[in-house]
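Here is the structure we will look at, set down as structure tokens.
Side-chain atoms are counted along with the backbone in the values below, which use heavy atoms only and exclude waters and symmetry mates. Only a predicted model underlies this, so the values are computations on that prediction, with no experimental measurement involved.
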Amino acid sequence: MEHHPRARRSRLRAIAAGAGALVLPAALAFGQPAAAQDEGTVVYSANFDDGSVGDWTPRGPVTLAVQDGALLTTGRTADWNGPALDLTGIIAPGGTYEISLDVRLADGSAGNQVSATVQREAGGTTSYDSVVYQAAASTAWTTLTGQYSIGSAADALTFYVESPTPEASYLIDDVQITELTPPGVDPNIPSLKDVVAADFRFGAAVDPRDLSGPNAELLNKHFNQITAENHMKVEAIQPTEGTFTFNAADELLSYAEANGMETYGHTILWHSQTPDWWFTYPAGHPKAGEPLGSTAEDQQIMLDRLEAHAAALAGHFGDRIWAWDVVNEVISDNAAEVYRNSRWYQIFQGPEYISHAFRIAREQFDAVGATEVKLFINDYGTDNPAKRDNLYNLVSGMLANGVPVDGVGHQTHISLNTPLTNIETSIDKFAGLGVLQAVTELDVAIGAPVEGVEFPELQARIVEQGHYYRDLFAMLRTKDLESVTVWGLHDGRSWLRGFNGTRPLESPLPFDDNLQAKWAYWGIVDPTRLPEIPEEPEPEYARVQVPFAKNAPVIDGVKDKAWKKAATVATGVTVAGSAEGAKADVKLMWDDDAIYALFEVTDPTLDETSANPWEEDSVEVFLNPGNTKEGGYGEADGQYRVSFNNVVTLGGNGPSAGAITSAAKVTSTGYTVEIAIALADGEGVIGAEHGLELQVNDATDGVRTSAHTWYDPTGQSWSTNEMWGIAELVKKVKPATEPLPEPV
């Protein structure tokens, strides 16, 4: 066959949307208007005219050969087999690249589709980013084109061409990679650290991936403090007892010092990301490897370990780190429970370990002369009144007892619906104790849905976020804060993107995936530049008529006759993880005293191994009496979580939230959970409307693999009542005169 040059055909474009790899069309970037884009810079090309395969290597047991000036792949036995190209030194974080190639099936080959994919290795995780997915292919040449970008540095990037038909053979030619948007930061905009310099340090959570290339440019320009995102946590510093690993932490600290930044330490004691050995008997003990109990001997083992760990941190870092989160997240989401029921709490049979941790930390830092290192307690949800009050009571009690608590860290993982007054009230309340305060892990979620769900509100939410950041920072700059730290350098590095990028459009930070300033940035720097917030139509909230129960059900986990005339809804909206995860049909009733829910969950594999209750197989009810939808959580709002074995956790509850009664039973197809939530006087009446959301969490091997709700698609039900559905209390269910709105 004679090989001729071909004119470029219409191009199939795709967006790569894995974790840390996302391309947004320019119209969706929502920063300041960009300069007109030119044709870009070609950073790689290959046409195989010299008869060599060049930089291309086999992926799997395939044969690569040049035939008539094109690269032929034969001998494939699996769909992932094909020709591969190392892009590690070609693709830079923050840049936008167009990848194009010509492709055709070999004469007589099976199959009719090809794909172009990038395998991305970062931080020990492998992800697969689609550039062009299963495009139509034949023996005629066609051109495939897609755009690709990564938000943060990768350890390795491998581009390859594959086909869902394992026996397919095909040729590729005229491969070209063009840099459309050069990586890097805008050098001409004000530095955030300078804008707020008179008010507080401005920090970001980082890891070693952020210390080179465009990420480092962004860090150096806009931030004067860092927090180690993971590499100063317990499992990173002491993975096995007595073995301390400081390499990654040292790299971060040395970089900060070399670039005039300060470092905030995170964290000494935490229930999560702590190796299992901390909570088992040590080697040489008669019960070596078994879980610790709660005897005085067992508690002393924990204190000895804590002292050794704190001593190692103090001895290694001294006063090079100005502050540490000594304890992290020790207040329960269950307002009535007060303290998190962690292994620490169980072993000490109470919260005394928290005071021990501060005293030990102070002793160890003082012992090496680091007497000025500040010791913080850190937690999320401090904007919630009940959780705030529980933390306040803990801190004030410790101070009264002489415990050396220097400061309080407010994580501030919030959303556009979090009332700023709640945040301000918390800061003001702790100011009365005379402690230092810091915002330690700030991000503002816009409520983006999971991958594959349309999000027409994106542009409006990005603008609205700019106004929210404006108001938030205007308030924060009036407070006496040591620092404000955002949890990630830019949107592409945000934990809110979820596992394998399950929320690819979530955009909580001031800089976008391409490291460019968003309206959130301008809200802090120059609010006069903000456009008006585009109007969004009021959502047609899902409604359910909840009938009156003549006879209250017996709360025993068994569906009795009382449920016969109940209303039924389904949890069919994916808000996290797999769409195939556990779901439930939920029956609903009410009477003068309570609202009742019966979850019938389909889930063949039950798991309760996580230290975090939301990462166990469980159900949740969210109730907003009066359907106020004011954002955040009101005084009477409640989030109620019950596991498949009837362990109850109540998260984000207002101090007047109704009490819960529950029972659970494992079934042949999953489990049932029966719940009664008490209603206050006047709430259980015909015609009353209450905000309501229902959720099912699915877990495997200690990790939540999916979550499904009845209506709220944002995944933010835990932080705001704004997008919950509506329950209308009726005497009996009436036929609808027109269809109720479908869940989003």
Side-chain angles (χ1 to χ4, degrees), residues 17-19 22 333 380-381 383-384 411-418 441-458 460-462 464-465 468 487-488 491 494-509 536 539 541-542 569-584 610 612-624 629 631-633 637 639-641 649 651-652 691-699 703-725 742-744:
L22 174 69
D333 294 340
Y380 65 89
D383 55 284
N384 175 271
Q411 290 186 12
T412 323
H413 295 293
I414 54 178
S415 75
L416 295 176
N417 295 315
T418 303
E441 303 181 20
L442 174 65
D443 43 39
V444 182
I446 64 171
V450 294
E451 184 175 7
V453 176
E454 292 185 2
F455 190 42
E457 305 89 355
L458 177 59
R461 296 285 177 84
I462 293 292
E464 182 183 357
Q465 185 188 55
Y468 191 97
W487 204 247
D491 288 341
S494 172
W495 71 288
L496 288 175
R497 286 285 169 87
F499 179 72
N500 278 347
T502 52
R503 291 183 178 274
L505 297 180
E506 188 53 78
S507 307
L509 299 169
E536 289 187 50
Y541 298 101
V569 298
T571 59
V573 178
T574 305
V575 295
S578 170
E580 305 303 317
K583 303 179 183 69
S610 175
N612 297 315
W614 60 87
E615 294 183 313
E616 298 179 343
D617 285 308
S618 60
V619 303
E620 301 188 35
V621 176
F622 302 83
L623 187 64
N624 168 220
K629 289 194 173 8
Y633 271 66
D637 291 353
Q639 173 190 3
Y640 306 88
R641 185 186 301 111
T649 55
L692 178 72
E693 194 49 70
L694 307 162
Q695 181 168 316
V696 176
N697 303 308
D698 193 5
V703 176
R704 188 171 74 173
T705 52
S706 79
H708 288 85
T709 62
W710 165 47
Y711 168 70
D712 184 356
T714 67
Q716 294 293 312
S717 296
W718 61 273
S719 68
T720 173
N721 59 29
E722 185 72 23
M723 286 296 291
W724 301 353
E742 292 294 324
V744 175

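Using a 4.0 Å cut-off between charged nitrogen and carboxylate oxygen, Arg461 and Glu536 count as a salt-bridge pair.
Each of Leu496, Ile446, Val575 was scored for a side chain to side chain contact (heavy atoms under 4.5 Å, CB included) with Arg503, with one residue passing: Val575. If you run side chain to side chain contact (heavy atoms under 4.5 Å, CB included) between Ser717 and each of Glu693, Met723, Glu620, only Glu693 comes through.
For the atom pair CD (Gln465) and OG (Ser415), the distance works out to 10.5 Å, reported to the nearest 0.5 Å. For the atom pair Gln639 CD and Asp333 CG, the distance stands at 7.0 Å (nearest 0.5 Å). Remark: Asp637 CG to Leu623 CG distance equals 7.5 Å, nearest 0.5 Å. Within the model, atoms CD of Glu457 and CD1 of Ile462 stand 12.0 Å from one another, a figure rounded to the nearest 0.5 Å. In this structure, CD on Glu506 lies 9.5 Å from CG on Leu458, to the nearest 0.5 angstrom. Once rounded to the nearest 0.5 Å, the distance linking CG of Leu694 with NE2 of His708 reads 14.0 Å.
A donor-acceptor contact under 3.5 angstrom links the side chains of Trp495 and Asp443, judged on distance only. Of the N and O atoms on the side chains of Asp712 and Thr714, at least one donor lies less than 3.5 Å from an acceptor on the other residue.
Here the shortest heavy-atom pairing between Glu616 and Asn697 reads O-CB, 3.7 Å. The shortest non-hydrogen separation linking Ser494 to Pro508 is OG-CG, 3.2 Å. Pairing each heavy atom of Gly631 with each of Asn721, the nearest pair is N-OD1, 3.0 Å. Among all heavy-atom pairs drawn from Trp710 and Ala542, the shortest one is CH2-O, 3.6 Å.
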| Full working for side-chain contact (heavy atoms from CB on, under 4.5 Å) between Thr720 and Thr418 | CA-CA 6 Å; Thr720 173; Thr418 303; 5.6 Å; no
| task | Kindly determine whether Val696 and Val619 satisfy side-chain contact (heavy atoms from CB on, under 4.5 Å), including the steps that lead there. | result | CA-CA 4 Å; Val696 176; Val619 303; 4.3 Å; yes
| request: Evaluate the criterion side-chain contact (heavy atoms from CB on, under 4.5 Å) for residue pair Thr649 and Trp614; output intermediate values, then yes/no. | output: CA-CA 9 Å; Thr649 55; Trp614 60 87; over 6 Å; no
| task | For the pair Glu451 and Thr502, evaluate side-chain contact (heavy atoms from CB on, under 4.5 Å) and give the outcome as yes or no after the intermediate values. | result | CA-CA 5 Å; Glu451 184 175 7; Thr502 52; 5.8 Å; no
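Looking at residues two or more places apart in sequence or on another chain, you find no ring-ring contact (aromatic ring centres under 6.0 Å, His included) involving Tyr468. Annotation: salt bridge (charged side-chain N to carboxylate O under 4.0 Å, His left out) contacts of Asp491 (sequence neighbours excluded): Lys518.
The shortest side-chain heavy-atom distance between Phe622 and Gln695 falls under the 4.5 Å cut-off. Side-chain contact check for Pro713 versus Val453: every heavy-atom pair is 4.5 Å or farther apart.
Residues Trp724 and Tyr633 place their aromatic rings such that the two centres sit under 6.0 Å apart.
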